[in-house]
Amino acid sequence: MLCCGVHLIESTRHCKFLEILQMECVVQGIIETQHVDALEILLQGLCGVPKEQVRIHELCLKSGPNLGVVPSEVRLLCDLVPSMPSWTVRHVGGSLRGPGAEQLSVLVRSVVESKVSSNVLRFFYGLGYKLDHEILKVGFAFNFHRGSQIAVSVTSAHKMPKLHATEDAVPITPNIHLVEITSPATAENYNEVVASVTSFCEYLAPLLHLSKPGASTGTVPSAAAAAAALMSNSVNRLL
């Protein structure tokens with residue numbers, strides 16, 4: 001799919017692409033919505049940068065039968081926060097394999113991301129891709145440097161009652177937020193990046209479990225006590 005993606009990017013004159021090839025390290029976890037404010041306070045103290053608003057309309061497209069025997073999937077991400085929404089096409093490739101990879105607490109995988117023009121959906125429909133599903137992700141994120149460049153997003157997933165109706169979106173799981181930590185890497189430095197991400201995750205352990213995508217271990221039983229302590233300390237500092 002990666003080679004195919006490069007070919008498509010070079011062949012079109014109607015949809016502009018700026019391609020970025022890389023690897024990424026990623027972990028995910030869930031937290032109860034009632035504890036999100038406490039998590040934000042903790043992240044603000046750890047990251048030392050202002051939070052960024054997240055409002056992403058994500059469309060998952062799957063290839064049709066005319067695009068080969070092996071099905072492929074791409075995700076179109078429309079950032080709705082700027083006054084002029086921006087589009088990104090994202091394809092997640094295979095993860096790092098082997099005995100060493102199994103021992104890592106962080107998933108290392110290949111990624112292709114491209115900034116694209118606003119007619120990208122029409123372009124992929126023309127290629128034969130079909131819309132599989134769409135969601136709206138709403139929340140906040142922190143982007144900072146701590147040994148490596150790290151991004152932490154805290155979002156809730158929303159579904160649309162009808163096609164592309166983002167203004168009418170409603171939460172899919174109103175009591176749960178997804179926390180995702182990612183960091184770009186290369187084949188040469190991913191061990192160092194994994195170490196940076198793992199080290200940072202330890203600071204969040206009182207509030208949530210973080211693990212490889214698809215291997216979530218649920219919420220932390222002691223999260224309520226940790227959240228109460230964080231909120232109390234925050235109030236005391238203000239006073």
Side-chain angles (χ1 to χ4, degrees), residues 24-58 60 75 77 90 92 95-96 101-109 111 133-144 146-160 169-183 193-238:
E24 73 174 3
C25 299
V26 57
V27 290
Q28 293 179 342
I30 57 174
I31 187 169
E32 293 179 87
T33 300
Q34 61 182 326
H35 302 323
V36 167
D37 287 345
L39 177 59
E40 181 182 340
I41 291 171
L42 178 58
L43 288 171
Q44 187 70 70
L46 292 171
C47 304
V49 296
K51 73 174 182 179
E52 303 171 14
Q53 295 298 320
V54 172
R55 187 174 175 83
I56 300 290
H57 182 197
E58 180 175 307
C60 177
R75 293 180 182 269
L77 311 177
R90 176 177 172 88
V92 176
S95 58
L96 190 68
E102 294 298 322
Q103 301 304 314
L104 298 175
S105 59
V106 175
L107 182 69
V108 183
R109 63 191 182 190
V111 172
H133 65 272
E134 60 178 344
I135 60 172
L136 180 69
K137 293 182 177 180
V138 179
F140 59 89
F142 289 90
N143 289 277
F144 60 100
R146 193 185 185 98
S148 60
Q149 192 64 35
I150 297 176
V152 182
S153 65
V154 183
T155 58
S156 61
H158 294 60
K159 61 182 178 180
M160 274 71 78
V170 294
I172 298 173
T173 53
N175 299 321
I176 294 293
H177 274 61
L178 173 69
V179 181
E180 184 174 70
I181 300 179
T182 60
S183 183
V193 176
V194 166
S196 296
V197 172
T198 301
S199 175
F200 180 77
C201 289
E202 293 175 359
Y203 292 101
L204 306 184
L207 287 177
L208 74 157
H209 294 298
L210 290 158
S211 57
K212 297 178 181 179
S216 175
T217 52
T219 58
V220 177
S222 60
L230 283 164
M231 297 297 290
S232 176
N233 290 338
S234 177
V235 170
N236 289 336
R237 284 197 298 271
L238 289 174

Would you name the heavy atoms of A169 and H158 that are closest together and state the gap between them? CB-CB, 3.7 Å
Write down the atom of C60, the atom of R75, and the distance for their closest heavy-atom approach. CB-NH1, 3.8 Å
Within this structure, what is the CD-CZ distance for the pair E40 and F142, rounded to the nearest 0.5 Å? 5.5 Å
Can you give each donor-acceptor pair under 3.5 Å made by side-chain atoms of residues 194-206, sequence neighbours left out, with the distance rounded to 0.1 Å?
| residue | atom | partner | partner atom | Å |
| --- | --- | --- | --- | --- |
| S196 | OG | E192 | O | 3.2 |
| T198 | OG1 | S105 | OG | 3.3 |
| T198 | OG1 | V194 | O | 2.8 |
| Y203 | OH | R146 | NH2 | 3.4 |

What I'd like to find out is whether the side chain of P213 reaches to under 4.5 Å of the side chain of R109, using heavy atoms alone. yes
Enter the distance from I135:CD1 to M160:CE here, rounded to the nearest 0.5 Å. 8.0 Å
For the side chain of Q149 and the backbone of F144, is there at least one donor-acceptor N/O pair under 3.5 Å apart? yes
Looking at E24 and R90, is any side-chain nitrogen of the basic one under 4.0 Å from a carboxylate oxygen of the acidic one? yes
Interatomic distance, E32 atom CD to L208 atom CG [nearest 0.5 angstrom]: 11.5 Å
Nearest heavy atoms of R55 and V138, plus distance in Å: NH1-CG2, 3.9 Å
Ignoring hydrogens, what is the shortest heavy-atom contact between N143 and A151? Give both atom names and the distance. OD1-CB, 3.1 Å
Testing L107, I181, T182 for side-chain contact (heavy atoms from CB on, under 4.5 Å) with V27, which one passes? I181
Here the gap from K51 atom NZ to Q44 atom CD, rounded to the nearest 0.5 Å, amounts to 8.5 Å
Does S95 reach the main-chain N or O of V108 with its side chain, forming a donor-acceptor pair under 3.5 Å? no
Would you say the side-chain atoms of S156 pair up with the backbone N or O of P174, donor to acceptor, closer than 3.5 Å? no
Which pair of non-hydrogen atoms, one from H35 and one from A223, has the smallest distance, and what is that distance? CD2-CB, 3.9 Å
Mind checking the CD1-CG spacing from I41 to N233? Nearest 0.5 Å is all I need. 9.0 Å
Positive for side-chain contact (heavy atoms from CB on, under 4.5 Å) with L207, one of V179, V220, L43, L42: L42
Would you check if Q28 and L178 make a side-chain contact, meaning some heavy-atom pair closer than 4.5 Å? yes
Main-chain N/O of F140 paired to E52 side chain as donor or acceptor, under 3.5 Å: no
Rounded to the nearest 0.5 Å, what separation is found between the OG1 atom of T219 and the NE2 atom of H209? 7.0 Å
With side chains defined as the heavy atoms from C-beta onward, is the minimum distance between H177 and T155 less than 4.5 Å? no
